[in-house]
There are 2 protein chains.
Amino acid sequence: MDSRAGLISAALALFARRGYDAVGVQEVAERAGVAKPTLYHFFGSKQGLLEALFDEYASRLDKQVESAAEYFGDLPLTLDRIAAAYVEFARQEPVFYRLELALHSAPPDSIGYQIATRHYSRRLATIEGVFIKAVRQHGNMRGRHQRYALSLVGIINLYVSLQLNERLIITDRVCHEMVHQFSHGIYS
Amino acid sequence: MDSRAGLISAALALFARRGYDAVGVQEVAERAGVAKPTLYHFFGSKQGLLEALFDEYASRLDKQVESAAEYFGDLPLTLDRIAAAYVEFARQEPVFYRLELALHSAPPDSIGYQIATRHYSRRLATIEGVFIKAVRQHGNMRGRHQRYALSLVGIINLYVSLQLNERLIITDRVCHEMVHQFSHGIYS
DNA sequence: AGTCGTATATACCAATCGGTATAGAGGATG
DNA sequence: CATCCTCTATACCGATTGGTATATACGACT
């Protein structure tokens with residue numbers, strides 16, 4: 001079949017469960033039912049495999065966040081839409097979201113952190129843009145937009161990880177309250 | 001000098017920067033200025049080294065949280081004290097806190113996750129106890145104390161990681177507002 | 001038919017992995 | 001002096017690591 005897709009899906013499952021460093025290329029290839037040179041034919045290196053994996057999954061989230069972050073003058077509504085985009089994506093791709101959370105918190109000099117952070121900070125910049133545009137309505141933010149974006153994503157990730165561990169179900173209502181909680185932290 | 005302490009401090013620095021799996025025992029021993037068998041004499045295995053490291057650092061946090069969590073009938077005050085304990089510890093041991101955050105978010109089948117989670121859930125149980133005791137004053141929590149404890153620690157970790165990345169300085173006031181933000185999420 | 005590019009397997013590489021067998025150094029105790 | 005215990009170094013182990021050289025199978029296109 002499609003060896004490339006099979007390798008990416010095998011890598012996702014293994015990396016998410018045991019970690020990038022702890023899983024060998026050999027095992028990924030075996031699980032995908034191909035030999036090692038096939039992996040190297042498509043991805044060039046183990047790192048290339050992880051990059052391709054992120055390009056496939058994370059860029060979908062990037063786009064959904066980007067379209068949710070279009071700003072038409074209503075900040076609370078836009079934040080709701082951004083949060084909903086994250087939550088919806090986490091519902092569609094829970095295994096990948098787990099991997100992303102792990103790599104985003106990983107040690108800063110690790111391969112995984114660096115790859116995950118590329119997409120992460122791209123999304124962050126998108127969200128910062130919302131706060132910058134909203135300044136005109138909500139007054140001076142004194143350069144705090146970066147911290148706001150980090151906090152919003154941080155709270156979203158907190159709720160999502162609660163959901164991934166089956167401690168919470170994020171309904172539309174919970175999602176709205178989550179954004180409300182973030183806003184409460186901002187305006188004080 | 002004290003080879004044991006030197007090994008633990010070398011391991012902390014290396015694991016926090018590049019990750020448990022990516023660092024070999026060889027390199028830890030070299031950085032500590034001793035040979036590999038010395039490491040195995042004290043810790044028995046690579047995993048034993050990580051466990052000893054956690055026993056040394058995390059149990060200090062365990063105790064500080066435990067004493068902060070003594071409940072005398074004032075829930076907001078107790079939560080403030082718990083948050084302050086975390087923040088103070090993160091200020092004292094930023095490198096270890098980084099490592100703990102990384103391992104707590106690591107893939108569930110990884111060695112690091114399992115070791116970090118032992119201490120993590122012990123602290124969680126302590127905090128759950130506070131909410132359970134507070135039920136008498138604050139009404140029925142319908143078994144939500146676990147989620148509350150997770151959320152509180154999650155928000156604390158969010159703020160602490162902002163501080164670790166030099167995006168925020170957690171003053172006493174910020175710490176209090178952080179708890180306030182958590183409470184706001186609870187009562188809605 | 002012949003040729004070329006993609007995709008795949010067998011078999012291999014040096015290097016590193018976690019871990020250990022053995023022996024010696026050095027202080028304390030008898 | 002002899003013994004014992006703690007600690008440490010040299011040198012090694014088999015297994016696995018990421019990565020590759022070579023050869024081939026299979027279409028598609030000329």
Side-chain angles (χ1 to χ4, degrees), chain A residues 1-56 99 102-103 106-107 109-116 118, chain B residues 1-56 99 102-103 106-107 109-116 118:
Chain A
M1 299 263 176
D2 190 344
S3 297
R4 201 190 121 97
L7 282 163
I8 286 189
S9 115
L12 173 57
L14 291 171
F15 291 165
R17 181 152 59 222
R18 301 218 313 279
Y20 173 77
D21 289 303
V23 174
V25 285
Q26 174 87 358
E27 193 180 353
V28 176
E30 271 171 17
R31 182 176 173 127
V34 300
K36 244 195 312 183
T38 303
L39 189 156
Y40 280 88
H41 169 73
F42 284 112
F43 307 108
S45 68
K46 190 186 182 186
Q47 174 169 349
L49 171 60
L50 186 61
E51 283 168 359
L53 170 62
F54 263 80
D55 281 340
E56 179 133 339
L99 178 61
L103 293 186
D109 285 9
S110 64
I111 306 271
Y113 174 82
Q114 289 164 35
I115 294 178
R118 288 179 207 164
Chain B
M1 300 256 180
D2 189 342
S3 297
R4 200 189 124 97
L7 281 163
I8 287 189
S9 115
L12 173 56
L14 290 171
F15 291 165
R17 182 151 59 222
R18 301 218 315 278
Y20 173 77
D21 289 303
V23 175
V25 284
Q26 173 87 359
E27 193 179 353
V28 176
E30 270 171 19
R31 182 176 173 126
V34 300
K36 245 194 315 180
T38 303
L39 189 156
Y40 279 89
H41 169 73
F42 285 111
F43 306 108
S45 68
K46 189 186 182 186
Q47 173 168 349
L49 171 59
L50 186 61
E51 283 167 0
L53 186 131
F54 263 80
D55 281 339
E56 179 134 341
L99 178 61
L103 293 186
D109 285 8
S110 64
I111 307 271
Y113 175 82
Q114 290 164 34
I115 294 179
R118 287 180 207 163

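Just so it is clear, the structure is predicted and the values come from calculations on it, not from any experiment. Quick note on labels: first sequence line is chain A, next is B, and so on, each numbered from 1.
- For the pair B:L7 and B:V28, the minimum side-chain heavy-atom distance is below 4.5 Å.
- An angle of 10°, rounded to 10°, separates the two end axes of the helix from C:dA1-D:dT30 to C:dG30-D:dC1, each defined over five pairs.
- Across B:L49 and B:A11, no two heavy atoms sit closer than the pair CD2-CB, 3.8 Å.
- Separating the CG atom in A:L12 from the CD1 atom in A:I8 is a distance of 9.5 Å, to the nearest 0.5 Å.
- We find the CG-CD distance between B:L103 and B:Q114 to be 11.0 Å, quoted to the nearest 0.5 Å.
- Counting to the nearest Å, the C1' atom of C:dT8 and the CG atom of A:L7 are 12 Å from each other.
- Here the CD-CG distance, from A:Q26 to A:L39, works out to 10.5 Å after rounding to the nearest 0.5 Å.
- Atom-to-atom, CD of A:Q26 to P of C:dT16 comes out at 20 Å; the value is rounded to the nearest Å.
- Annotation: ring-ring contact (aromatic ring centres under 6.0 Å, His included) contacts involving residues 25-51 of chain A, sequence neighbours excluded, are absent.
- Contact check for B:L53 versus B:L99: side-chain heavy atoms found under the 4.5 Å cut-off.
- Rounding to the nearest 0.5 Å places OH of A:Y20 at 5.5 Å from CD of A:Q47.
- For B:E30 and D:dA9, the CD to C1' distance is 14 Å, given to the nearest whole Å.
- Residues from residues 9-25 of chain B with heavy atoms under 4.0 angstrom of DNA chain D: there are none.
- For B:S3, a side-chain nitrogen or oxygen approaches OP1 or OP2 of D:dT8 to under 4.0 Å.
- Listed by residue number, the members of residues 33-51 of chain B with any heavy atom below 4.0 angstrom from DNA chain D are B:V34, B:A35, B:P37, B:T38, B:H41, B:F42.
- Between A:P107 and B:A16, the shortest heavy-atom distance links the atoms CB-O, 3.2 Å.
- Residues satisfying the side chain to side chain donor-acceptor pair (under 3.5 Å) criterion with A:E27, sequence neighbours excluded, are A:R18.
- For A:R118, the salt bridge (Lys or Arg N to Asp or Glu O under 4.0 Å) partners are A:E51, not counting sequence neighbours.
- Look at CD1 on A:I111: it is 14 Å from C1' on D:dT17, rounded to the nearest Å.
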